[in-house]
Structures are given as structure tokens and as C-alpha cells.
Amino acid sequence: MTETAKMLKRVGYRRRAALFGRSFYRAFLVLAGLYAAVLLFSRLSGKIPDRFEPLTLLVIPAGAILWGCLALRRPTDPELARLVDQSTDTKDLYLTAALLSQSPGDYGPLVTRDAEQRATKIKPDVVVPFHWHRRLAHVVLALVVLFVATRAFPQFDPFGDVQMAQAEEKREQDLEKGRKATKLRTAQLKKKSDGMSEESDEVAKAVEKLKNDFKKTKRGDRKGNSKMLGQQQKMLGEKWRKLNNEKLKELFSKSSNSNQQFGGMSKAKMMKWSRELQDGSTESLQKEIDAIKSELQKLAKTTDPVKKAELREKIKQRLRDLEELASNKLDSKPLAAAVKRALKELEASKRDGLSTKALEALTESMALVKMELKEVAQSAKDLQELEKALAAIQAAKKLNGEGELDGEGMEDLESLEDYQEYYEQLMAQMGEGEGQGTGGEGFGEGGEVDENDELKSKFVNEKSKAEIRPGKVLLTLKDKGLSDRGDAKQEYRDSIRKVKQGVSEAIVKEQVPPGYLEGIKSYFDTLEENEQ
């Protein structure tokens, strides 16, 4: 490569850099002006959503760089040669050298020789100088001014558009937050339930172990049988307390469903749902959810605003019924939360911008409600099974107290009800045998006693004339000494009655399993018998 070509190449690099800088500077000023105009319009009118965060200022230099790259072109050798001639006053020497290939002549070697001799002395920075200081100051000043404007310039809302946009944005954020919570809870329930939940599997294994232990009991081995029954009672009682709560106990109470009206929900619907949940079934509730899903599909396809409003009202009423069941009857916080999210999503579906997303979120929430109901029904079923187990243990303890608990003959027994009925039948047979012996209960002849009302007697019907009225104290007398036996017995009975009342309150407060109630009651009955 000749010295002239090398010099022109170096000049070309600087020329391209200068062209890029000039394009960048011009594009930056244009974009900064547009940014400032849009910012002022947004803050003054509120017609454009305020998205002017400080980081958005990076759009200006990025756009200017992109424009500079797109506008950049490579200068030709004649253009570079003309720049060299103009800056070094070489009388078009390098322009002529650059054009020799297009118009060769006899003087060509002379031009090339002179150009080569001067090429080494020409400096590219003199040919294409960079004047960047003032332009850089303008760029930095513009960025600083725009930064201050984004932070300090107030937002006006003369038409109320900003308030509406903020409310819409908050609804969208709440909708996304609700969808995330729904997906998280759904994933938890899917992990927990694989045909049978972890708790249900645990309860089933505990009940099966209890049945096997019943069959291992031996007649006369009161100590061994009592130890086994106590261990089982303690273990199952802990599981019962873990599952039990006040609302779930009300679910099994017949009186709680008899005369109660729950808000706008019909008593018949509530009683039907409660009875099914008592049996661990959610058939009617599942149909209710399927009906809601069907109405949601109609709502998504309907364009008539009147029909849309009617469908929303129907869906809202059904969801409120489910919310009352979850909050007032079952006290299930996860189920209540899922239904409340569904109600919010139904309300969000009225918005044009959120209607599609809201309906999708509502469908997901209804699927979660379905899973939560199955969880509640399974918990109720587990609780009922544990209560049956504790009742069977209590019946077995009574039979063991008589030394008659024996695992032989229980091979055909399957359910806990079978075991309890079998034990109670044995106790009844033992009670009948004792009643027929000496000292047992007897039977009188009955009949009426002969009386003659016509016989005369010395009875005189009189009334006292004493001025005694209720609430009036006539006389008080205090004396030291030993009290009568009757007063001591009365005080003793009052003390026992107060203790029993406190124990009853403690049983309710501490949620004592039903298997322990009979033993506690019999203990205090024994105290009353010992007062003699």
C-alpha cells in the first residue's frame, strides 16, 4: 500500500467518526425535544399514562446511537482527497492523484511522486479535527434538565384520566397477584393430594392399627389391654384435636342446621350441603361449581350487555352462598380466600381492558374452590372416623374393666361401628345376668292401693296469719360451734357442683376428645356417691 493510500485510510477513519458524532448529536437533540414535549403534555393534561421514570431517559441516547449507525456512510477516496487538499493547501494534488485511475495521462507519474513525498507529512487530526467538547456539554445538560423534570415536575389531572388510569392499574395488579396466589395454593393441594391426602392416609393407617390391636387383646389381661387402649386413645386423641375446630364440630351438630337462616342462602340448600359434608361428600357443591363454570362460559360468549349483567348477578349470588358456607359454617380460611378472590375477579370482568384476564382468573379460582371443598370434606370424614375410633376404645375399656375383653371372635368385624356394637352387646349381656341374681333389681306387683275418701278425719284446713313476705328478713342469729350434718352435706354438694361446672367449661375450651368424656363424668359421679 502506498503512503498516499495509508494516509487517506487514516483520514477516512476520522471522517467516519466525525460523521457518526454529528448524526448522533443531531438525533439526540431531536429526541430530547420530543421527550420533553411528551413529558410536559402528559404531566399537564394527564391524557398519556405517566411512564416517565428516570431510566426512560436512556431511550434518548440509545435512539441517537441507532440513528447515527443507520445514517453512517463510508466516504469515497475523492472526498477524502478533497478534504486533504483543503486543509493542507496542496492545490488539488491528492484529488488529482485519486482521479488518475479515471483519467490517466502523461503527467500521472509526476503527480503520484509529489503526492507520495508529502503524504508522510500530513496529519489526519489536522485534516479532520474533532470538536466534541461543546456538543458533549449540550448532551449532558439536556439529560440533567430532563432528569430534574421527571422527578420534580408535578402531575396535573384536569380531566380525571390519571385517577382512572391508576385505579385500572391497581385492579390489574390485584388481579395478577390473585392469580399467583391461586396457582401457588393449587400447586400445594396437588402435591398434598394423590387420591388420598396425607392426613387421610395417616388416619386410615391409625384406624387399621387400632382394629388389629383390638384383635390382639386377651381375656383377663386387664393391665396389658389397658396399656394398649390408653396408648391408642392418646394417639388418636391428638389427631382428633389437630383436625377439630369449633366450626367443624358445628357441622356434625344436628341442632345447628335446624332453625338457622344464612343470609340470602336458603335453609334447604345449607342443610343439604352440610349433610353431604358430614358424609365426606361434595356432590351438590361440585354441581354448584360446575353450574358457575357453565355460566362463566356463557358470560364470555355473550355480547348483549343486559344478559351479561344478569349472568354476573347469578354468578355473584352463587359465589356469595359459597362464601357464607366457607366463612360462617366451616370457618375454612383457604376456601373463603379462594371464593373472595373469585368475587373480585368477577367484579374486574366488567372492565373492558381486564374482562378476558379476569374471566381466565375466575375459572382458575373456581378450580381451586373445587379442590378446597374436597379438602374440607376429607377433613370432616377423617374427624368423624376418629370420633368413632375413640368411642370404640371407650366401649373396649369398659369391657376390659370387667376382664371380658378378648380378641377372639372378632375376625368377622370390619368397621369401627361393628367393634363398638359388639362391645356394647357384651356389656348389656353382662348387665342382664347380674340383674337376675340376689341383690339385683326386682319387680313389684304394681296395682292401686285401696282408699276410702268418705272416712272422717281430724284434719282442719287453716291458714297462718303471720306477716311474712318474700324478701323480708325477720331475724338473723349467729352462733359458734359445730354445724349440723345437713349443712356440711349441702356445702359439699355445692362445691362438687361448682367443680363439675368448671370441668364442663374446660372440656369445651380445651376440645377434649369424646373418648375421654365418659371417664371424666364417671369420676365426678363417684365423688357424689362418696358423700354418704
Side-chain angles (χ1 to χ4, degrees), residues 1-41 51-52 54-150:
M1 184 180 293
T2 63
E3 293 297 330
T4 302
K6 292 181 180 178
M7 182 270 296
L8 291 177
K9 187 176 183 180
R10 290 194 296 270
V11 172
Y13 289 150
R14 292 184 67 86
R15 179 60 177 172
R16 284 195 295 272
L19 291 174
F20 174 80
R22 184 172 60 184
S23 298
F24 171 84
Y25 178 71
R26 291 176 179 175
F28 182 89
L29 293 180
V30 172
L31 292 175
L34 290 175
Y35 187 96
V38 175
L39 172 63
L40 290 175
F41 180 77
R51 298 289 188 270
F52 300 96
L55 284 177
T56 59
L57 292 173
L58 297 177
V59 174
I60 300 174
I65 291 173
L66 179 62
W67 176 256
C69 293
L70 294 175
L72 183 63
R73 64 181 183 84
R74 180 171 181 158
T76 62
D77 287 344
E79 290 177 354
L80 296 175
R82 183 178 290 109
L83 288 175
V84 174
D85 290 332
Q86 291 174 355
S87 60
T88 58
D89 193 21
T90 54
K91 308 296 184 181
D92 294 337
L93 173 64
Y94 288 99
L95 177 60
T96 304
L99 296 174
L100 284 176
S101 59
Q102 300 178 6
S103 57
D106 295 337
Y107 56 87
L110 297 176
V111 174
T112 302
R113 183 193 63 189
D114 292 343
E116 287 292 316
Q117 288 176 355
R118 296 188 180 188
T120 57
K121 298 178 182 180
I122 295 175
K123 296 180 179 180
D125 56 343
V126 175
V127 178
V128 185
F130 290 158
H131 305 288
W132 55 272
H133 299 86
R134 187 176 60 180
R135 293 179 177 180
L136 180 61
H138 293 166
V139 169
V140 173
L141 180 62
L143 287 175
V144 170
V145 171
L146 291 175
F147 176 82
V148 174
T150 57

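Hydrogens, waters and symmetry mates are skipped; everything else that's a heavy atom, side chains included, is used.
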Are Asp89 and Lys91 close enough that some pair of their side-chain heavy atoms sits under 4.5 Å apart? yes

Working to the nearest 0.5 Å, report the span between [atom1] of [X] and [atom2] of [Y].
{"X": "Leu29", "Y": "Phe24", "atom1": "CG", "atom2": "CZ", "value": "9.5 Å"}
{"X": "Leu8", "Y": "Thr2", "atom1": "CG", "atom2": "OG1", "value": "8.0 Å"}
{"X": "Leu31", "Y": "Leu57", "atom1": "CG", "atom2": "CG", "value": "12.0 Å"}

Show every donor-acceptor pair shorter than 3.5 Å between a side-chain atom in residues 131-148 and any protein atom, with sequence neighbours excluded, or say none if there are none.
unit_1, atom_1, unit_2, atom_2, d
His138, ND1, Tyr25, OH, 2.6

Output every pair passing side chain to side chain donor-acceptor pair (under 3.5 Å) with a member in residues 54-72, not counting sequence neighbours, ordered by first then second residue. Tyr35-Thr56

Could you list the residues that satisfy side-chain contact (heavy atoms from CB on, under 4.5 Å) with [X], not counting sequence neighbours?
{"X": "Gln117", "answer": "Arg113, Asp114"}
{"X": "Asp77", "answer": "Leu80"}
{"X": "Val38", "answer": "Ile48, Phe52"}
{"X": "Thr88", "answer": "Val84, Thr90, Ile122"}

Taking every non-hydrogen atom, the tightest pair across [X] and [Y]:
{"X": "Tyr94", "Y": "Met7", "value": "CE2-CE, 3.7 Å"}
{"X": "Pro78", "Y": "Leu99", "value": "CG-CD2, 4.2 Å"}
{"X": "Ser23", "Y": "Gly68", "value": "CB-CA, 3.9 Å"}
{"X": "Asp85", "Y": "Asp92", "value": "OD2-CA, 3.2 Å"}

Which residues pass the salt bridge (Lys or Arg N to Asp or Glu O under 4.0 Å) test with Arg73, sequence neighbours left out? Glu79

Taking distance alone, no hydrogens or angles, what donor-acceptor pairs closer than 3.5 Å link side-chain atoms of residues 12-22 to residues at least two apart or in another chain?
unit_1, atom_1, unit_2, atom_2, d
Arg14, NE, Val128, O, 3.0
Arg14, NH2, Val128, O, 3.1

Side-chain (Glu3) to main-chain (Glu116) donor-acceptor, under 3.5 angstrom: no

